[in-house]
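Order of the sequence lines sets the chain letters (A, B, ...), proteins ahead of strands, with each chain counted from 1.
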Amino acid sequence: MNQEVSSITKLEEYKKSREKKVEVRDLIKAFDDLLVLNEVNFDIYDGEFLCIVGPTGCGKTTFLNVLAKLLPATEGDILIDGVSADPKKHNIAFVFQEPSCIPWQTVEQNIRFGLEIKRLPANEINKRTEMVMELIGLTRFRNYLPKELSSSLEQRVVIARNFVMQPDIMLMDEPYGQLDVKLRYYLEDELIKTWQELKPTVLFITHNIEEAVYMAERILILSNKPTTIKSEVIVDLPRPRNFADPSFVEVRDHITDLIRWW
Amino acid sequence: MALNKVDINVQPKEEGYVPKSKKKTFSYIQVLPVVSFALALGIWWVIAELELIRLPTPAEVIMQLYVMATGTVAGQPLHFHVYMSLQRVLIAFVIALAVGIPLGTMMGWNRRIEKIFNPIFEIFRPIPPIAWVPLAILWMGIGEAPKIFIVWVGCFVPMVVNSFTGMRYADKLLMDASRTLGATRSQQFFNVALPAALPSIFAGVQNGLSLGWMCVLAAEMIAAREGAGFLILQGMYVRNEAMIVSGMLIIGLLGFLIAIFLRYMEKVITPWRKEELV
Amino acid sequence: MKEIIKCENLCKTFFTEDGEEEVLRNINLSVKENEFLVILGPGQCGKTILLNIIAGLETATSGRVLLEGEEVKGPSPERGMVFQRIALMPWKTVIDNIELGPRLRGVPKKTRRKEALELINMVGLNGFEKAYPHELSGGMKQRVGIARAYASNPKILLMDEPFGHLDAQTRYYMEEEILRIWEQDKRTVIFVTNNIEEAVYLGDRVLIMSKLPGTIKDEHQIPMERPRDYTDQAFLEYRQEISEQTELAL
Amino acid sequence: MNNVKLKNNFFTENYLSILSLSFFFLFWYYLVASGIVSDRILADPITTIQTFIFKLTNTSPEGATLFQHLRTSLILALTGFSLGAVIGVPLGLLMGWYKPVDALVRPLFDVLRPIPPIAWIPISIFWFGIGMFSKSFIIFVSAFVPCVINSYTGIRLTNPTLIRVAEVYGASYRETFFRVGVPSAVPMIFTGLKLALSTAWMTLVAAELLAANEGLGYMIQMGRRLARPDIIIVGMLTIGAVGALIASGLQSFDSKLSKWRS
């Protein structure tokens, strides 16, 4: 029982100590009469690394598209800093699951793509581009075309392109889903390092519980369709985390029990 | 308004993603085609009436079609002209099929055959089929033969080119797969290479037929007493613009029917392919 | 147990205009009957070329491949192959694709039809006999690939990263499926992959290949019983052990 | 399947081609020299070459040198072709991107599309006589249709993920047209241009055969009237060679521009 009580107070303390960045209010999404998102309510805190765990095909791509305002919600809204989210006004970043490098642009041009749309001054674009390429180790590849890159390198370019926007909210749709475990851990470490450096608010969706526990400060668990938030867990393990150490395994098994969707 | 909480356990097919701004113009889209047709007819009528350029009114064209269908043009009824054009295309098309596709496939399959025939073929390939008209007339006079020869050249070249690329670039992976199943060289040809090349061969047939259809018109305009091409040229000589325009509509209709026939044949010959986008 | 396949210091070098490229350097391996051997290596390490040489689709620069003691030249139905890009004949229905091998070898229509239906049942594709490949999902297409290889009644099954293109969820499911099929109709298997978890989940034994020029760097026995669990402690230890051996292919 | 011989010289590779070509020319020469085919309907290769050299600088017998014919034909073809491209490509792109334009233009276009360009010759001569303008109009029509179709298909095949990438960064639908739609359609636009060029070149010959007083089509027509097969063959080979030259020029430009395609 006490484990139950302590986790609630942990949640409250966690939330009190942070400022709200994104609020999702009574979000409903239905295609004709097929309900996909069923009154989704949660907040994301400034600079937080939030993971959302859900089975493939639980409407998570629709969920992210609605969050990014690529798809209109049937009901309810998403607020950034209290204002209704709008790609034109806010800086929304989205790392898609499928490869999304612009094939005819070099790595450097890809990274500048978002900044040019936002019409930032040239020197600001150059400064940020150099900085993020240095941070993610892509300087060597600046003139490569996407077809000359491996799939993991291509995904790092996409991530760099989104970090460089200094986004209000960075949505990530299972970016490492296809990669091998060794490569995945390497890229997860790099992602955490970059997040700690640039401090954006990150919403990372994945079906892999180990990956979520490895990276998240907080985890939301989605139900099966029609999707809603089933439960919420704080992960306050010290970093860098080790997937074999007992407290990690304990949190992971706890979340696996909460999910029970397969 | 609370939506009814529908308990669906089947895997829902999420709606194909349509960029959000495209969606909002959905409402008046259906009306536009009708508007544009009405607009076109209106503009045509106005220009014709005001004699801006010598253009027959739609009514005159319909009248002309009626006259030609019932009466005769240069001594022959309309359906005769159409029949002659189609007959020329058909004969040339069949000969091109019989010669072009085997040559193209063999050149694609066997390097030696390619080395022998390709150089000669490459000399004649860039020459547009209509450029053969003078030589054809010099060789065969102005009867049926030169016209069929020109249409044959038009059909032949695309068929050879497409059959060749279809065979040469057949997916190597499928060849490997058949080899692991124990296929001999000839089995690979008939069971893998040929079927894999079918879509490309069929594209050659389509290009060939549409090119052939163009060539018969040119041949008929230059030296013929009958045929669809002759019809519109005749309209020009007798300065009857209604006849030219109705002739063009007939040619357009025939071209359209040929295209429909080919699309149907594509379903029959290669039923296993996904629907193309456009 | 009987030895089915043996490779004796296989080497492969490609001679192109701009110089030579050594791909494989003295590969020695032997596979026991009904063993599930996994060859694990980073992206570019020649593991696919090694498999193609064993299948007879490519010839080695030097060294030999012995099938039950006899040297083999060129492909043969005893060495069935499942490809990463699946390689089904798009113009044939599922059942015709599976019957292709037997038909090419002249097996009478009735027997090969019966066998094909049994295989369709084995790989769980009942009801899709008449479907065309473009109507099937990735996982289903690969099941047809597996059934097609089994239809040649092979002594050994060579699988070249068969689940490389599937999404994560389908991949986990197909790994279970291939083991179920393999338990039902045991054959010797050489399974090539670049995914460590897949190697530990599937293999009786895992060979680790180095980057170009590919050599066999290490070997690990995986005596765990099946079905194995991705999250159980022993599994994680094997995964960690092998992960340290493999080279990171960024 | 084993590795390619290191050094394969030109002769051993193509001896068959050389043999077949020489046989072809010898057979051609033998046909005329031996009198099987009268030299009034076929010129042997030697005479053809002599006429070619002669025509380079002489205007007889049809009143213009080969260069003058070529110049007239090229000017005509390229004006019609570039007009067809300059109007056809943008229209095709707009039709593919904006539903209203598609709905408005498509019906008209689908009616005119099946009419082969050559069928426009009589009405064009009827309206504009046999001058430069009339022939340019015919060639414009022949180039216009393929440009529209291929540009339309090209932009319709844009990867939807790339559209979402631009929209997430706040690009308007119009801006996405320029930043994503048009560049991704470039390879197909070139397919259209190549097709338009070959159709234009062919239509030009037809137009010149029917009504012209200069140009390559006129030259081969006069060759027939004056029973000069050598002039016809020189004209035909020039038409073929120049057509192939322009096509390969376009091809090299295309491969430079769309080298990003895998």
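The part of A/Phe96 that comes within reach of chain D is its side chain, from C-beta onward, which places non-hydrogen atoms under 4.5 angstrom from that chain. The contact between D/Val180 and chain A is made by backbone and side chain atoms together, counting heavy-atom distances below 4.5 Å. Within the 4.5 angstrom heavy-atom criterion, only backbone atoms of D/Arg261 (N, CA, C, O) approach chain A. Looking at D/Ser184, both its backbone and its side chain come within 4.5 Å of chain A, counting heavy atoms on both sides. Only the side chain of A/Leu145 comes within contact range of chain D, with at least one heavy atom under 4.5 Å from a heavy atom of that chain. Contact of A/Glu148 with chain D is not made at all, since no heavy-atom distance falls under 4.5 Å. With a 4.5 angstrom heavy-atom cutoff, A/Asn91 does not touch chain D via any of its atoms. Residue A/Pro99 touches chain D through its backbone alone, counting heavy-atom pairs closer than 4.5 Å.
Annotation: maximal heavy-atom pairing with chain D below 4.5 Å, among A/Pro167, A/Ala68, A/Pro103, occurs at A/Pro103. Between chain D and the residues A/Asp86, A/Asn162, A/Val158, the most heavy-atom pairs under 4.5 angstrom are made by A/Asn162.
Going from atom CD1 of D/Ile155 over to atom OH of D/Tyr98 covers 8.5 Å, rounded to the nearest 0.5 Å. The CG atom of D/Leu66 sits 6.5 Å away from the CG atom of D/Leu216 when rounded to the nearest 0.5 Å.
Between D/Tyr173 and D/Trp97, the ring planes lie parallel to each other; the angle is under 30°, not in the 30° to 60° tilted range.
A/Phe204 and A/Thr206 get closest at one heavy-atom pair: CE2-CB, 3.8 Å.
Taking the ring centre of D/Tyr152 as origin, the terminal cationic atom of D/Arg106 falls inside the region bounded by 6.0 Å and 45° from the ring axis.
Residue-environment remark: NZ (D/Lys256) exceeds the threshold of 12 foreign heavy atoms within 6.0 Å. Other residues, nucleotides and ligands contribute over 12 non-hydrogen atoms within 6.0 Å of the CZ atom of D/Phe24.
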